Amino acid sequence: MKDLEIKLIEPIVKAVKAIFGVDFPVNQINFQTTRKEFDGDITLVVFPVVRFSKKSPEQTAEDLGEYLVREVQFVEAYNVLKGFLNLVISDSYWLESYASAYQKSDYGFVKTDDSAPLTIVEYSSPNTNKPLHLGHIRNNLLGYSVAEIIKASGTRVKKVQIINDRGIHICKSMLAWKKFGQGETPESSGLKGDHLVGKYYVRFDQEYKKEISNLLVEGKTEEEAKKEAPILKEAQQMLRAWESKDEEVVDLWTRMNQWVYSGFDTTYTRLGVDFDANYYESETYLLGKKYVDIGLEKGVFYQKEDGSVWVDLTDEKLDHKLLLRGDGTAVYMTQDIGTAIQRHLDFDFNKMVYTVGNEQDYHFNVLFKVLSRLGYSWAKDCRHLSYGMVDLPSGKMKSREGTVVDADDLMEEMVTTAKSISEELGKLDGFDEEQLASVYETIGLGALKYFILKVDPKKRMVFNPSESIDFNGHTGPFIQYTHARICSLQRRAESSGIVLKPESELHPKEKELLKVILCYPDIIQEAAKDCSPAVLANYTYDLVKEYNQFYQQVPIFGTQSEDDKAFRIGLSSMVGKVISSSMCLLGITVPERM
RNA sequence: GGGCUAGUAGCUCAGCUGGAUAGAGCACCUCCCUUCUAAGGAGGCGGUCGCAGGUUCGAAUCCUGCCUGGCUCACCA
């Protein structure tokens, strides 16, 4: 569609010049796709021209329409409604565009080579004290998909995660395991490693709460009790031991983290996400300090009497922000400064995208400003892909309190539902066990992923576990189903179809489909620019709806003309290709039968 | 209190760089499987686009104020 607009701009400017004798600024040209109820393909909004033409909107539109039909070969007809000039574009224009799209192997993608710019996409970034939950699923799906979309838009991409493998929260599950675990391991318990560790994280919190209430009985205030609970102090002691590389603590830490990593691997694999590089907080948390010192020398930061280092961002309408504690230890911001700079050294990236929840909007705002004050010009090319939290109807999910929707459980549940629906419909005769399992997996995860990705990342979403995710309507399975149906057509067809339609006119539904197909490259660019898989998800839904109408209204094998038949088979397979391609960018696979 | 962000049908969401009568899905009610997969299609019901002003030929979309929700403003990460 963009192509078409570009081709029309010059004739329109010429037309205004020829008819009204004035130069019309190109940036004021305003197109929109013609609404379905009107005749035409593309509409020029003529109000902006009226100021130059000094005639009524209707007369201006008439004059322009008449000129364009006469001068532009592919403009076949026009009609005017109020200030809108609807142009009818010839079938041959659509068919030619379609033919060139059809022949491309990676239709819609911009090819990259080593000279293409590089974008780093960070996502997931889990803590190693508990398993992944629904919030992580949104993060992972978004990060993975945005990375794939950016790649398709013509940029090299590296996916990275930073693993938050150190800190007091890690020590909490370590301590609880040490005290109450009695040597339990994933092998001995049959529990997935991350779930086992998470169990002790919850256990810690229970013990901690118990101790607090005991202290309250002893007459402490709540604040005192929270600070003085023995188990917390023990955890803090453990953290200090870890930082001074106490062998026993480090061994336990290594051992338990390994359990978690192997658990995460299982979850990542099933979710279908991957990473090109991992960063570990335990290795990077000290990196930022030297840059803070440099900033201090440069005079862009300042030091307080107690030795703490700050940056003054009040002239940017932000506050003063701590960068280094009085005792010289790092805070979150220090680490992030260090990792960002390290990544630029590692990859020399052109852009970096952080997939992190919107609760950290302020943090990233500050981070980018600090980097830019340190003189890193690439700071302006860093972007926080901020997404809304996933809440339950009962409110926020809290790992410590066990009110989370676990990632592994949720995936399993979706696949089970897919299985029972499929069995009820009974269309999978002749599949062996392995094939069946794979189809259920595809559908169950497709439903889950589409459900999450179709909504605008920045919006908060509510997930109600008791109302299961739909498999009908605007859903992943709906799109997958259409793909399966197209595959079924192809199995039946002897030839793979042809592209051109020599004689007869395009059926209105064929034309609509062509137009939607031709938007695909623009949609990829738009989704990449906005970091929004939702744009792509909604586009795919529109395409599929359009195809289903075509499928219902237009006979394929039942048609008289062999040319029509071949054309429609080709058109169907093209739709199938676009579905499969766009769903792949969302991390969703599509089945050949379902 | 300051900052950021959202508020569109009973529910879940599109549309937001201003354009024609605000679109889908779910739910509810009708139809359509001797044409290619009914996880589909056709139709009906359902809206003061949070409220009030403003800018404009034209506002769900831009501006201002207000209301409501979420996040944030830590020597936590």
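Here the structure is a predicted model, which is why all the values come from computation and not from measurement. Throughout, protein chains are lettered first and strands after them, A, B, ... in sequence-line order, and every chain is numbered starting at 1.
- Close to B:rA14, at under 4.0 Å from its OP1 or OP2, lies no side-chain N or O of A:Asn538.
- For B:rC76, the OP1/OP2 oxygens have a side-chain nitrogen or oxygen of A:Arg325 closer than 4.0 Å.
- A 4.5 Å side-chain heavy-atom check between A:Leu323 and A:Phe301 finds at least one atom pair inside the cut-off.
- For B:rA77, its base never sits under 3.5 Å from the side chain of A:Asp336 at any donor and acceptor pair.
- Remark: B:rU30 base-pairs with B:rA42; criterion is Watson-Crick or G-U wobble with both hydrogen-bond distances under 3.5 Å.
- Here A:Lys55 pairs with A:Asp63 in a salt bridge; the nearest charged N to carboxylate O distance falls below 4.0 Å.
- Nearest to the side-chain atoms of A:Tyr551 among the listed nucleotides B:rU72, B:rA38, B:rU21 stands B:rA38.
- Which of B:rC71, B:rA77, B:rG41 sits closest to the side chain of A:His169 comes down to B:rA77.
- Under the 4.0 Å criterion applied to side-chain N and carboxylate O atoms, A:Lys289 and A:Asp293 are not assigned as salt-bridge partners.
- Comparing atom distances between the A:Asp470 side chain and each of B:rA14, B:rG19, B:rC26 picks out B:rC26 as nearest.
- Annotation: A:Glu424, atom CD; neighbour count of heavy atoms from other residues, nucleotides and ligands within 6.0 Å does not exceed 12.
- Nearest-nucleotide positions on RNA chain B for A:Val331 and A:Arg593 put A:Arg593 closer to the 5' end.
- Under 4.0 angstrom from either OP1 or OP2 of B:rU21 there lies at least one side-chain N or O belonging to A:Lys82.
- Between A:Arg485 and B:rA38 there is a side-chain N or O to OP1 or OP2 distance below 4.0 Å.
- With B:rG23, B:rG19, B:rG40 as the choices, the nucleotide that has an atom nearest any side-chain atom of A:Asn30 turns out to be B:rG19.
- Nearest nucleotide to the A:Tyr362 side chain, out of B:rU21, B:rC71, B:rU72: B:rU72.
- Glycosidic conformation, B:rC33: syn, with the torsion inside 90° of 0.
- Heavy-atom nearest nucleotides on RNA chain B were determined for A:Ala330 and for A:Thr33, and the one closer to the 5' end corresponds to A:Thr33.
- A:Met594 comes within contact range of at least one nucleobase, with a heavy-atom separation under 4.0 Å.
- Set against B:rA6, B:rG70, B:rA20, the side chain of A:Lys458 has B:rA6 as its closest nucleotide.
- Comparing B:rC71, B:rG40, B:rA20 by their nearest atom to the side chain of A:Asn472 picks out B:rG40.
- Contact between the side-chain N/O atoms of A:Lys454 and the OP1/OP2 oxygens of B:rA24 is not found at any separation under 4.0 Å.
- Within the 4.0 angstrom heavy-atom criterion, no nucleotide atom of any strand lies near A:Thr482.
- Using the six-membered ring where Trp is involved, A:Tyr354 and A:Phe368 have ring planes that are tilted, between 30° and 60° apart.
- Considering only the side chain of A:Pro555, B:rU35 comes nearest among B:rU35, B:rG25, B:rA20.
- A close approach under 4.0 Å does occur between a side-chain nitrogen or oxygen of A:Arg35 and OP1 or OP2 of B:rA20.
- Nearest nucleotide to the side chain of A:Arg492, out of B:rA20, B:rA14, B:rC36: B:rC36.
- The listed nucleotides are B:rA24, B:rA42, B:rA20; the one nearest the side chain of A:Tyr541 is B:rA24.
- Looking at A:Arg460 and A:Asn358, their side chains never bring a donor and an acceptor atom within 3.5 Å of each other.
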